[in-house]
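Worksheet: the structure to be examined is printed underneath.
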Amino acid sequence: MLSSCATLFGGKVTEYQKTRPAAGEPQRELRIGAFIADLLIFWPSLAVDFATGAIYKPKAAASK
């Protein structure tokens with residue numbers, strides 16, 4: 001069941017990826033490659049990626 005692509009290959013899941021955006025905040029972006037790979041390889045693994053937040057892209061680093 002832990003064969004989800006974003007969970008295995010996406011790296012450490014950040015707090016930004018785990019936290020749902022509040023009303024009025026921008027939505028998190030999906031890792032499209034991991035999403036498509038999950039669909040093609042084993043679509044039930046999408047549930048694992050969404051549950052862990054690994055399917056979402058990490059927040060971009062703030063530039064100074």
Side-chain angles (χ1 to χ4, degrees):
M1 181 99 167
L2 292 177
S3 63
S4 54
C5 292
T7 301
L8 290 175
F9 304 114
K12 184 176 184 278
V13 178
T14 64
E15 201 58 39
Y16 173 78
Q17 290 169 286
K18 294 179 186 177
T19 308
R20 287 188 132 169
E25 289 183 353
Q27 297 295 312
R28 298 171 288 181
E29 293 184 41
L30 287 179
R31 292 179 174 181
I32 299 299
F35 182 80
I36 292 171
D38 281 345
L39 283 176
L40 295 174
I41 296 170
F42 186 63
W43 65 267
S45 63
L46 278 171
V48 174
D49 281 344
F50 278 104
T52 62
I55 197 76
Y56 300 108
K57 291 181 181 179
K59 187 175 185 177
S63 59
K64 292 184 178 183

| message | Suppose we screen for ring-ring contact (aromatic ring centres under 6.0 Å, His included). Which residues come up paired with Phe35, at least two apart in sequence or across chains? | response |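 With neighbours one apart ignored, the set is empty.
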| request: Hey, could you give me the CG/CH2 distance between Asp38 and Trp43, rounded to the nearest 0.5 Å? | output: 12.0 Å
| Looking only at heavy atoms, which two atoms of Gln17 and Lys57 are closest? And how far apart? | CG-O, 3.8 Å
| task | For Arg31 and Pro58, work out which heavy atoms get closest and say how close. | result | NH2-CD, 3.2 Å
| said: Strictly by salt bridge (charged side-chain N to carboxylate O under 4.0 Å, His left out), give each pair with a member in residues 39-51 just once, sequence neighbours left out. | reply: none
| message | Run the side-chain hydrogen bond (donor to acceptor under 3.5 Å, both in side chains) test against Thr19 and tell me which residues pass, sequence neighbours left out. | response |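 Thr19 satisfies side-chain hydrogen bond (donor to acceptor under 3.5 Å, both in side chains) with no residue once adjacent residues are dropped.
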| Lys18: what forms a salt bridge (Lys or Arg N to Asp or Glu O under 4.0 Å) with it, not counting sequence neighbours? |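 Expected list: none.
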| said: Holding to side-chain contact (heavy atoms from CB on, under 4.5 Å), I want the full list of residues that pass it with Leu40, two or more places apart in sequence or in another chain. | reply: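 Result, side-chain contact (heavy atoms from CB on, under 4.5 Å) vs Leu40: Ile36.
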| Test side-chain contact (heavy atoms from CB on, under 4.5 Å) applied to Pro21 - qualifying residues, sequence neighbours left out | Glu25, Gln27, Arg28
| field | Residues Phe50, Leu30; criterion side-chain contact (heavy atoms from CB on, under 4.5 Å); working and verdict | value | CA-CA 10 Å; Phe50 278 104; Leu30 287 179; 3.8 Å; yes
| task | Look at the side-chain heavy atoms of Ile, Leu, Val, Met, Phe, Trp and Tyr, link any pair under 4.5 Å apart, and say whether Ile55 and Leu39 land in one connected group. | result | yes
